[in-house]
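In what follows, every chain begins at residue 1, and chains take the letters A, B, ... in the order their sequences are listed.
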Amino acid sequence: MIWIRDLINEMIPFFSKAMNFLGVEDSNWIPLIGRATVEDHGDVALPCHSLARIFRKPPQEIAEQICALVEADLDSIATVSSISGFVNVSAKPEWLSKCLSKLLSDPRLGIGVEKPLTFAVDYSAPNVAKEMHVGHLRSTVIGDSIVRMLEFKGHQAIRENHVGDWGTPFGMLIEHLLDLGEDQAANELGVGDLDSFYKQARAKFVSNDAFANRSRSRVVLLQGGDSETLRLWRVLVDESMRYFNEVYSMLGVLLTDQDIRGESSYQDLLPEVVDRLMREGILETSEGADVVFPGGWVNRDGAPLPMIIRKADGGYNYSTSDLACIIDRVERLGCDGFLYVVGTPQKQHFEMVFQVAEQAGFMSPSHQAIHVNFGSVLDIDGKVLKSREGEVIKLHDLLDEAIRRAESAINEKNPELVDDERDDIARTVGIGAVKYADLSTERTKDYVFDWERMLSFDGNTAPYLQYAYARICSIFRKWEGARDSLTSAELILTHPEELVLSRRLADFPSALDESISTFSPHKLCTHLHSIASSFASFYENCNVLKGESEEVIRSRLAMCDLTARELKLGLGLMGIGVPERM
RNA sequence: GGGCGUGUAGCAUAGCCUGGAUAAUGCACCGGCCUCCUAAGCCGGGGACCGCGGGUUCGAAUCCUGCCGCGCCCGCCA
């Protein structure tokens with residue numbers, strides 16, 4: 001239910017009549033009609049500057065003339081005016097009120113369902129025995145939000161957590177596990193001391209030749225399917241997953257053990273990838289390795305850039321496993337699209353993988369393979385946060401800190417909240433703040449990790465939106481009536497603040513569509529903030545419970561109800577909760 | 001060297017795909033507002049040659065092009 005489109009549809013016949021009268025072809029003016037870019041001027045605008053050539057008259061005069069011709073016909077739906085060569089059309093409050101009534105009585109708030117497609121959404125992807133850091137936060141939070149939005153639009157979203165659970169480092173990790181003793185190692189991993197575990201293993205690998213040799217032999221055993229080695233490997237994976245699940249639970253994301261699709265699970269498919277590429281005749285041998293040349297790429301020396309499928313030592317590569325994934329998603333899962341919520345640095349990698357997958361016929365052009373890329377996480381000095389050296393900010397600690405800060409803010413602002421309720425709110429607000437900070441900026445840009453900003457309760461932040469929601473709940477606690485009855489309330493829109501808010505509320509469905517069709521949660525954030533902000537103005541200027549009449553009170557309560565429902569749904573689609581009080 | 005991305009008030013961002021009017025929002029700054037539904041708020045104000053130069057167009061932050069700054073990628077790692 002896109003109200004601007006409805007408005008345009010309703011006004012077009014009258015404009016058509018006027019333009020016919022003036023002798024202008026449809027193709028000369030219909031494409032010009034669009035949303036007014038300056039909100040104060042109207043909802044829909046027709047710029048007349050390009051018509052000046054046809055009429056040989058200044059745009060201002062043309063606009064005035066059109067305006068005069070349509071004014072009477074549009075009387076029941078909109079007011080028309082002309083300014084500096086634009087015809088501006090503003091929906092009348094009564095018309096707007098009808099639109100909002102439709103949203104109000106609709107449990108889906110006017111959001112349509114699309115033709116259902118199946119998407120595999122690849123996100124989060126932590127590495128076994130390695131700490132989760134802010135980069136994983138981005139992937140996890142963005143991916144989760146996209147899954148929620150897709151599902152709400154009627155699609156099937158298959159969550160795939162492509163956990164890094166395979167490869168050469170596992171030799172040294174398993175040997176380190178044995179050195180420590182299984183119990184102690186499991187404990188260390190389970191409580192989330194992943195970083196030191198990995199670093200210790202790494203340090204020994206570099207400094208101790210005997211250990212390094214044991215590690216290499218262990219890799220061979222692992223790849224050979226040795227059962228004791230696999231058992232030890234399982235311990236590493238399970239203990240890490242226990243810890244990851246704890247972080248997921250704190251974050252409140254949808255990922256569960258059912259969504260784990262570790263790299264190890266594609267091992268059986270890898271020889272199949274090689275066979276198929278060979279059958280297609282695109283596999284070549286280069287320096288002992290099996291490679292594909294996707295074409296169009298060159299390396300530093302200007303030579304064609306290969307994608308390595310099987311290394312000279314017989315081992316497989318990341319690209320191979322990504323190709324296997326595509327086969328799996330097309331043939332087993334029947335996906336129409338695959339989304340990879342992975343950082344921008346891997347852009348070229350994915351372009352090459354998609355190119356090869358199409359060349360080899362693993363997928364067809366009808367499949368949407370999309371790298372939902374995101375920028376790097378920078379520290380406060382604008383440098384990329386690196387995990388290899390220096391202290392990483394553990395995701396777990398970060399979330400604890402967010403909750404702690406939210407709690408101390410609640411203690412200060414609203415000391416009446418105590419015990420479990422305060423703890424719940426602190427969690428909702430703290431975690432919400434972190435997630436929102438990440439989701440609210442355009443995902444392809446680099447993201448500055450800043451405690452102060454992300455936990456600040458001012459501006460375009462989750463707490464600001466949550467506060468608007470809590471204020472509405474507070475109004476309903478004071479009101480005696482039945483909230484359900486408001487879905488049929490008549491909306492009386494007279495004050496400027498009511499009109500601004502109602503337009504923002506009516507824009508919600510198109511904002512969500514725009515957000516999901518570009519896989520850009522920040523567009524929804526921007527819109528939710530504009531709703532919350534116009535609600536705050538409305539709240540200050542139009543007293544709800546002390547409205548001029550019973551009808552006005554009901555109308556304003558209905559506005560509150562719709563605002564609350566949109567905020568709750570919108571934040572919910574980003575995996576952010578709303579507190580009844582704060 | 002080749003490729004990709006990015007540059008918008010002191011700071012942080014939106015707008016760029018799909019060109020339109022006085023470039024929007026938040027923080028910070030200045031000035032107002034709580035006997036009144038939560039002041040985590042509201043109202044008002046100052047602050048931007050939209051990196052620089054060309055081009056296309058009636059019209060460019062937006063499209064094309066050339067520079068400059070910054071970042072990333074170009075590994076038999078993932």
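Remark: A:K445 is in phosphate contact with B:rA14, judged by side-chain N or O atoms under 4.0 Å from OP1 or OP2. Applying the 4.0 Å criterion to OP1 and OP2 of B:rC42, one finds that A:Y464 has a side-chain N or O inside that range. Taking 4.0 angstrom as the limit, A:K413 places none of its side-chain polar atoms (N or O) nearer than this to OP1 or OP2 of B:rG41. The side chain of A:K311 places an N or O atom within less than 4.0 Å of a non-bridging phosphate oxygen (OP1 or OP2) of B:rC77. For the OP1/OP2 pair of B:rC37 and a distance below 4.0 Å, the side-chain nitrogens and oxygens of A:R471 include no atom meeting the criterion. Side-chain nitrogen and oxygen atoms of A:N317 include at least one within less than 4.0 Å of the OP1 or OP2 phosphate oxygen of B:rA78. Under 4.0 angstrom from either OP1 or OP2 of B:rU18 there lies no side-chain N or O belonging to A:R35.
A:N543 places its CG atom 6 Å from the C1' atom of B:rC37, with the value rounded to the nearest Å. Atom CG in A:D301 sits about 10 Å away from atom C1' in B:rC74, given to the nearest Å. Whole-Å rounding puts the A:L439 CG to B:rA14 P distance at 13 Å. Summarising the geometry, the separation between NE2 on A:H522 and P on B:rC17 is reported as 14 Å, rounded to the nearest angstrom. Atom-to-atom, CE of A:M352 to P of B:rG3 comes out at 15 Å; the value is rounded to the nearest Å. Residue A:D458 contributes atom CG, which lies 11 Å from atom P of B:rG26 at whole-angstrom precision. When the P atom of B:rG2 is taken as reference, atom NZ of A:K347 falls 18 Å away, rounded to whole Å. Distance A:Y340 OH to B:rA78 C1': 15 Å, rounded to the nearest Å.
Checking B:rA12, B:rG1, B:rA14 against the side-chain heavy atoms of A:R300 singles out B:rG1 as nearest. Comparing B:rA14, B:rU38, B:rA21 by their closest approach to the side chain of A:A36 singles out B:rA21. The side chain of A:P345 approaches B:rC72 more closely than any other nucleotide in the set B:rG20, B:rC43, B:rC72. The A:R453 side chain lies nearest to B:rC11 when the options are B:rC11, B:rG2, B:rU13. You'll find that the side chain of A:A289 is closest to B:rC76, out of B:rC43, B:rC76, B:rA78. Residue A:N541 has its side chain nearest to B:rC42 when only B:rC42, B:rG20, B:rU38 are considered. The side chain of A:T441 has B:rU13 as its nearest neighbour among B:rU13, B:rC73, B:rG71. The side chain of A:S537 lies closest to B:rC42, out of B:rA21, B:rU13, B:rC42.
A side-chain N or O of A:S264 and one of A:D165 form a donor-acceptor pair less than 3.5 Å apart.
Separation of the C1' atoms belonging to B:rC63 and B:rC70 is 24 Å when rounded to the nearest angstrom. Using atom P as the reference point in both B:rC42 and B:rU25, the two lie 13 Å apart (nearest Å). Straight-line distance between the P atoms of B:rG26 and B:rG20: roughly 22 Å, to the nearest whole Å. Between B:rC27 and B:rU62, the two C1' atoms lie 26 Å apart (nearest whole Å). Only the P atoms considered, B:rG45 is 15 Å distant from B:rA23, to the nearest whole Å. Atom name C1', nucleotides B:rU13 and B:rU8: the rounded distance is 9 Å, in whole Å.
At a threshold of 4.0 angstrom between heavy atoms, the contacts of A:R310 with the nucleic acid are absent. Counting non-hydrogen atoms under 4.0 angstrom, A:E351 reaches nothing in the nucleic acid. Among the protein residues, A:S520 comes within range of no part of the nucleic acid, since none of its heavy atoms lies under 4.0 Å from any strand. Using a 4.0 Å heavy-atom distance criterion, A:A468 is classed as making no nucleic acid contact. Residue-level contact check: A:S474 touches the bases, meaning some heavy atom is under 4.0 Å from a base atom. Counting any heavy atom pair closer than 4.0 Å across all strands shown, A:H529 reaches sugar-phosphate atoms only and no base atom. At the heavy-atom level, A:C542 lies under 4.0 Å from base atoms of the strands shown. Using a 4.0 Å heavy-atom cutoff across all strands shown, A:V544 reaches at least one base atom of the nucleic acid. Heavy atoms of A:E514 sit under 4.0 angstrom from at least one base atom. In this structure, A:A312 reaches the bases: a heavy-atom distance under 4.0 Å links it to at least one base atom across the strands shown. A:L545 comes within contact range of at least one nucleobase, with a heavy-atom separation under 4.0 Å. Nucleic acid contact for A:E39: none, since no nucleic acid atom lies under 4.0 Å from a heavy atom of the residue. Across all strands, A:A409 comes closer than 4.0 Å to no nucleic acid atom at all (heavy-atom distances). Residue A:A125 is classed as having no contact, given no heavy-atom separation below 4.0 Å to the nucleic acid.
Taking the O4'-C1'-N9-C4 or O4'-C1'-N1-C2 dihedral as appropriate, B:rC50 has a value more than 90° from 0 and is therefore anti.
Note: A:F519 and A:H371 fail the aromatic proximity criterion, with ring centroids not under 6.0 Å apart. Between A:F86 and A:H41, the ring centre distance reaches or exceeds 6.0 Å. Between A:F354 and A:Y340, a ring centre-to-centre spacing shorter than 6.0 Å is recorded.
Open room surrounds NZ on A:K568; 12 or fewer heavy atoms of other groups in view lie less than 6.0 Å from it.
Put simply, the side chain of A:N127 and the base of B:rA78 share no donor and acceptor less than 3.5 Å apart. Side-chain atoms of A:H49 and base atoms of B:rG59 include no donor and acceptor less than 3.5 Å apart. No hydrogens or angles were tested; on distance alone, a donor-acceptor pair under 3.5 Å links the side chain of A:T37 to the base of B:rA21.
Between A:W479 and A:F476, the ring planes lie perpendicular to each other; the angle is over 60°, past the 30° to 60° tilted range. By the 30° and 60° cut-offs, the orientation of the rings of A:H349 relative to A:Y318 is parallel. Between A:F535 and A:Y539, the ring planes are tilted. Angles from 30° to 60° get that label.
Of the possible donor and acceptor atoms, one in the side chain of A:S534 sits under 3.5 Å from a partner among the backbone N and O of A:S530. In this structure a side-chain-to-backbone donor-acceptor pair under 3.5 Å is missing from A:W297 to A:M307. Of the possible donor and acceptor atoms, none in the side chain of A:T285 sits under 3.5 Å from a partner among the backbone N and O of A:D290. A:S139 places a side-chain N or O within donor-acceptor distance of the main-chain N or O of A:V341, the cut-off being under 3.5 Å.
Each of A:E442 and A:I410 has a nearest nucleotide on RNA chain B; the 5'-most of these lies closest to A:E442. When each of A:S533 and A:G459 is assigned the nucleotide of RNA chain B bearing its nearest heavy atom, the one mapping closer to the 5' terminus is A:G459.
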Review point. Taking only Watson-Crick and G-U wobble pairs with both distances under 3.5 Å, what dot-bracket line describes RNA chain B, where [ ] shows pairs that cross earlier ones and | shows pairs with another strand?
Key: (((((((..((((......[...)))).(((((.......))))).....(((((..]....))))))))))))....

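The ring of A:F86 does not lie on top of the base of B:rG20; it is either too far (5.5 Å or more) or too tilted (30° or more).
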